[in-house]
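Order of appearance sets the numbers: ligands from 1, and atoms from 1 within every ligand. Computed over heavy atoms, backbone and side chain alike; hydrogens, waters and symmetry mates excluded. The structure displayed is predicted, hence computed values, not measured ones.
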Amino acid sequence: MRELHMSTTKAAAGQRPGQAAREFDGRVAIITGSTSGIGLGIAEALAARGAAVLLNGFGDAAAIEEICERLRSAYGVPVGYHAADMAQAGQIEDMVAHATAQFGPVDILVNNAGIQHVAAIEEFPPAKWDAIIAINLSAVFHATRAVLGGMKARRWGRVVNIASAHGLIGSPFKGAYVAAKHGVVGFTKVTALEAAEFGVTCNAVCPGYVWTPLVAGQVAAQAAAHGLSEAEVTRKVFLAEQPSRRFADVTEVAAAVTYLCSAGAGSVTGISLPVDGGWTAH
Ligand code: NAD
């Protein structure tokens with residue numbers, strides 16, 4: 001009842017005159033790592049459904065402002081940006097404080113920022129290990145820690161962690177990434193258990209290969225390393241394990257996140273939802 005009352009009043013606050021109510025009108029969302037790829041797709045999907053969104057990530061300042069302006073004018077929602085480095089706990093706290101000051105308390109947190117490095121364990125640079133654990137795993141803790149108390153107090157919240165198929169299975173040469181993403185899946189369960197009776201859900205989405213700048217860079221690098229064309233490396237290396245034999249689309253990951261943030265997913269918590277063309281069904 002309380003949840004229904006809250007969504008009704010917040011919806012009224014965010015709705016544009018003459019426009020039908022949208023699912024996330026009046027909600028405030030932070031999406032980390034949303035200047036590119038999957039995060040940007042998620043930010044756009046949430047904005048399209050009425051949420052005020054705070055973008056985060058690296059990139060050219062003018063290009064980021066262009067993205068903000070495009071989302072504002074396309075969807076009529078407040079859109080902001082914070083440059084927090086997800087490797088820095090203090091900057092993550094600043095980002096949450098900034099979102100709250102600009103738009104109001106955070107209702108939806110999507111922990112998406114991530115980096116990758118591929119090397120055999122004995123050649124894996126320790127600094128890369130530390131960076132991957134910090135950005136892909138510890139940042140999820142720091143951001144969740146900063147929003148969870150408020151969500152529980154207001155008795156509504158959605159935390160969605162973008163893990164990976166590599167949160168469920170391993171692959172050689174991706175030690176830090178696989179460790180971090182398995183950690184995210186575990187932390188998702190703990191967050192879900194602690195928050196469940198407060199109307200707050202926490203779930204992980206586990207994409208297989210999705211066509212984004214991160215993957216485009218890996219395809220080019222692997223093609224050069226193996227002396228293969230990009231088409232060959234795509235077929236033989238990247239999509240060999242993905243039964244759909246195609247890259248997932250950013251919009252397919254965003255659709256999973258949108259569902260998990262919806263009212264209808266109120267009893268779905270602690271899960272890891274593969275969006276991987278059947279990869280982890282093996
Ligand atoms: P991407 O490289 O296109 O985007 C990554 C985003 O994170 C960018 O906005 C970048 O600026 C930001 N970022 C990187 N380091 C950061 C830092 N220290 N602080 C703040 N922001 C930072 O990557 P993507 O493919 O869209 O990946 C997004 C997420 O999805 C990652 O967590 C990744 O592990 C996960 N994922 C991707 C795939 C895939 O195939 N693309 C598959 C499974 C999981």
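Between Gly39 and ligand 1, a contact under 3.5 Å exists for no N or O pair. Distances between N or O atoms of Asn136 and those of ligand 1 include no value under 3.5 Å. Looking at ligand 1, you'll find an N or O of Lys181 within less than 3.5 Å of one of its N or O atoms. Considering backbone and side-chain N/O of Met86, one or more are found under 3.5 Å from N/O of ligand 1. For the pair Tyr209 and ligand 1, the shortest N or O to N or O distance does not fall below 3.5 Å.
Assignment of Ala248 to the shell around ligand 1 is not supported, since no heavy atom sits closer than 4.0 Å. Close to ligand 1: Ile115, with a non-hydrogen atom less than 4.0 angstrom away. Within the structure, the closest approach of Gly208 to ligand 1 falls below 4.0 Å when heavy atoms are considered. Residue contacts with ligand 1 include Tyr177, since one of its heavy atoms falls under 4.0 Å from the ligand. Ligand 1 has Ser34 within reach: a non-hydrogen atom of the residue lies less than 4.0 Å from it. Note on ligand 1: His166 sits outside its first shell, no heavy atom being nearer than 4.0 Å.
Of the N and O atoms on the side chains of Gln218 and Tyr209, not one donor lies less than 3.5 Å from an acceptor on the other residue.
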Legend entry - Derivation and outcome, side-chain hydrogen bond (donor to acceptor under 3.5 Å, both in side chains), residues Asn161 and Thr188: CA-CA 7 Å; Asn161 298 326; Thr188 298; 3.0 Å; yes

Inset, instruction - Determine, step by step, whether Phe103 and Val53 satisfy the side-chain contact (heavy atoms from CB on, under 4.5 Å) criterion, reporting the C-alpha distance in whole Å, the side-chain angles of both residues, the deciding distance to 0.1 Å, and the verdict. - result: CA-CA 9 Å; Phe103 302 139; Val53 295; over 6 Å; no

Inset, instruction - Please step through ring-ring contact (aromatic ring centres under 6.0 Å, His included) for the pair His117 and Tyr177, ending with a clear verdict. - result: CA-CA 7 Å; His117 185 79; Tyr177 188 84; over 10 Å; no

Inset, instruction - Using the side-chain contact (heavy atoms from CB on, under 4.5 Å) rule, take Ile42 and Ile162 through it: C-alpha gap first, then chi angles, then the decisive distance, then the call. - result: CA-CA 10 Å; Ile42 293 167; Ile162 307 305; 3.8 Å; yes

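Judged purely by atom type and a 3.5 angstrom limit, Asn112 has no side-chain atom pairing as donor or acceptor with the backbone of Ile31. Side-chain N or O atoms of Arg158 include none that pairs as donor or acceptor with a backbone N or O of Asn203 at under 3.5 Å. Side-chain atoms of Glu232 come within 3.5 Å of backbone atoms of Ser229 as a donor-acceptor pair (strictly under, hydrogens ignored). Judged purely by atom type and a 3.5 angstrom limit, Arg49 uses its side chain to pair as donor or acceptor with the backbone of Ala45. At least one donor-acceptor pair under 3.5 Å links the side chain of His182 to the backbone N or O of Val178.
The contact set between ligand 1 and Asp85, taken as ligand atoms under 4.0 Å from a residue heavy atom, comprises 17 (C), 18 (N), 19 (N). Each of the following atoms of ligand 1 lies closer than 4.0 Å to a heavy atom of Asn56: 20 (C), 21 (N). Within the listing of ligand 1, atoms 28 (C), 29 (C), 30 (O), 31 (C), 32 (O) sit less than 4.0 angstrom from a heavy atom of Asn112. Close approach of ligand 1 to Gly57 (heavy-atom distance below 4.0 Å) involves ligand atoms 11 (O), 21 (N). Every atom of ligand 1 with a heavy atom of Ala84 under 4.0 Å away is listed here by number and element: 19 (N), 20 (C). Which parts of ligand 1 touch Gly37 is read off a 4.0 Å heavy-atom cut-off, strictly below it: atoms 3 (O), 26 (O).
When heavy-atom distances to ligand 1 are checked against a 4.0 Å cut-off, Gln116 has no atom that comes that close, whether in backbone or side chain. Contact annotation: for Ala163 versus ligand 1, heavy atoms closer than 4.0 Å belong to the backbone alone. Contacts between Ala139 and ligand 1 below 4.0 angstrom, taking non-hydrogen atoms only, are absent altogether. Neither the backbone nor the side chain of Trp211 has any atom closer than 4.0 Å to an atom of ligand 1 (non-hydrogen atoms only). With a 4.0 Å cut-off on non-hydrogen atoms, Val210 touches ligand 1 through its backbone as well as its side chain. By the criterion of a heavy-atom distance under 4.0 Å, the side chain of Val215, and not its backbone, is placed next to ligand 1. Of the heavy atoms in Ile135, only side-chain atoms (C-beta onward) come closer than 4.0 Å to ligand 1.
Heavy-atom contacts from other residues, nucleotides or ligands closer than 6.0 Å to CD of Glu69 number more than 12. Summarising the local packing, CZ of Arg145 is surrounded by 12 or fewer heavy atoms from other residues, nucleotides or ligands at distances under 6.0 Å.
Of the candidates Ile31, Thr212, Ile162, Ile132, it is Thr212 that places a heavy atom closest to atom 24 (P) of ligand 1.
In this structure, Arg246 is not positioned above the aromatic face of Trp211 in the sense of NZ or CZ being under 6.0 Å from the six-membered ring centre and within 45° of the axis.
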